[in-house]
Amino acid sequence: MSGLVRAAWRLVGATAAGRGRAGRALSQAGTGTGGGGGGAEGGGSGSGSREAVERLVRAHPVVVFMKGSPAQPLCGFSNAVVQILRLHGVEDYRAHDVLQDPDLRQGIKNYSNWPTIPQVYLNGEFVGGCDILLQMHQNGDLVEELKKLGIRSALLDAEKEKDQDKK
């Protein structure tokens, strides 16, 4: 594991413990509505409406709502998500910069009932934020979830090469 991911894991672990959040399995991830503004509740057609967010999360097998872009993440947690996806060789995904659209920023929080950004969706299903993705990366669940999407994790190839080098 790279030093960046290790450092991010320490940082995220402390933050997650501080706010009392526990990781949720993919099948347990919430998709209920939350309260509070941002145009997401009225069912309108704005960028933060439930319908608009639903279209975005279902538009591609891997979708990330983040601060900044994959080329230039604007927070450490968004950067950690991008780095984890890179480690697994996931390059084809949709990233949405919530800093460019306050309605979308609130709308995605309402949609997932998850208060923080970044948020990761696999096959239209909410996975969680940076802490959850890091946990899935560490315990091998991310490799399995990517496999379900038809994405072979680059870490499997790296492990295979490592084993062949030992022989």
| query | Just how far is it from atom OG of Ser69 to atom CG of Leu99, taken to the nearest 0.5 Å? | reply | 10.5 Å

| query | When rounded to the nearest 0.5 angstrom, what distance separates CD1 in Ile108 from OG1 in Thr116? | reply | 11.5 Å

| query | Roughly how far, to the nearest 0.5 Å, is CD1 of Ile117 from SG of Cys130? | reply | 12.5 Å

| Could you give the distance from CG (Leu133) to CD1 (Ile84), rounded to the nearest 0.5 Å? | 4.5 Å

| message | Which heavy atom of Arg105 sits nearest to which heavy atom of Lys109, and what is that distance? | response | O-CG, 3.4 Å

| Is there a donor-acceptor pair closer than 3.5 Å between any side-chain N or O of His60 and the backbone N or O of Val62? | yes

| said: If the test is side-chain hydrogen bond (donor to acceptor under 3.5 Å, both in side chains), which one of Glu54, Arg50, Gln119, Gln106 qualifies with Tyr111? | reply: Glu54

| said: If you apply the rule salt bridge (charged side-chain N to carboxylate O under 4.0 Å, His left out), what do you find for Asp157 with Arg152, and how did you get there? | reply: CA-CA 9 Å; Asp157 297 331; Arg152 179 174 169 80; 2.9 Å; yes

| task | Enter the distance from Asp97:CG to Leu104:CG here, rounded to the nearest 0.5 Å. | result | 9.0 Å

| said: Starting from Tyr93, can I reach Leu56 by hopping between I/L/V/M/F/W/Y residues whose side chains sit under 4.5 Å apart? | reply: yes

| task | Scan Leu142, Val81, Val63 and name whichever one has a side chain to side chain contact (heavy atoms under 4.5 Å, CB included) with Val120. | result | Val81

| message | Donor-acceptor pair, distance only, cut-off 3.5 Å: does the side chain of Ser49 make one with the backbone of Gly46? | response | yes

| Flag side-chain contact, heavy atom, 4.5 Å: Val82 against Met66 | yes

| query | Taking it one step at a time, do His88 and Val143 satisfy side-chain contact (heavy atoms from CB on, under 4.5 Å)? | reply | CA-CA 8 Å; His88 287 269; Val143 169; 3.7 Å; yes

| Do Asp101 and Ser47 have side-chain atoms, one donor and one acceptor, less than 3.5 Å apart? | yes

| task | Decide side-chain contact (heavy atoms from CB on, under 4.5 Å) for Asn79 and Leu74; before the verdict, give the C-alpha distance in whole Å, the side-chain angles of both, and the deciding distance to 0.1 Å. | result | CA-CA 7 Å; Asn79 185 46; Leu74 295 178; over 6 Å; no

| said: Centroid separation under 6.0 Å, is that true for the rings of Phe65 and Tyr121? | reply: yes

| query | Is the closest side-chain heavy-atom distance between Val98 and Lys67 below 4.5 Å? | reply | yes

| message | Please determine whether side-chain contact (heavy atoms from CB on, under 4.5 Å) holds for the pair Val53 and Asn110, giving the CA-CA distance in whole Å, both sets of side-chain angles, and the decisive distance to 0.1 Å. | response | CA-CA 10 Å; Val53 171; Asn110 293 346; over 6 Å; no

| request: Dump the intermediate steps for side-chain contact (heavy atoms from CB on, under 4.5 Å) on His137 and Leu87, then the final yes or no. | output: CA-CA 9 Å; His137 164 71; Leu87 281 171; 4.0 Å; yes

| remark: d(Ser153 OG, Glu144 CD) to nearest 0.5 Å is 10.0 Å

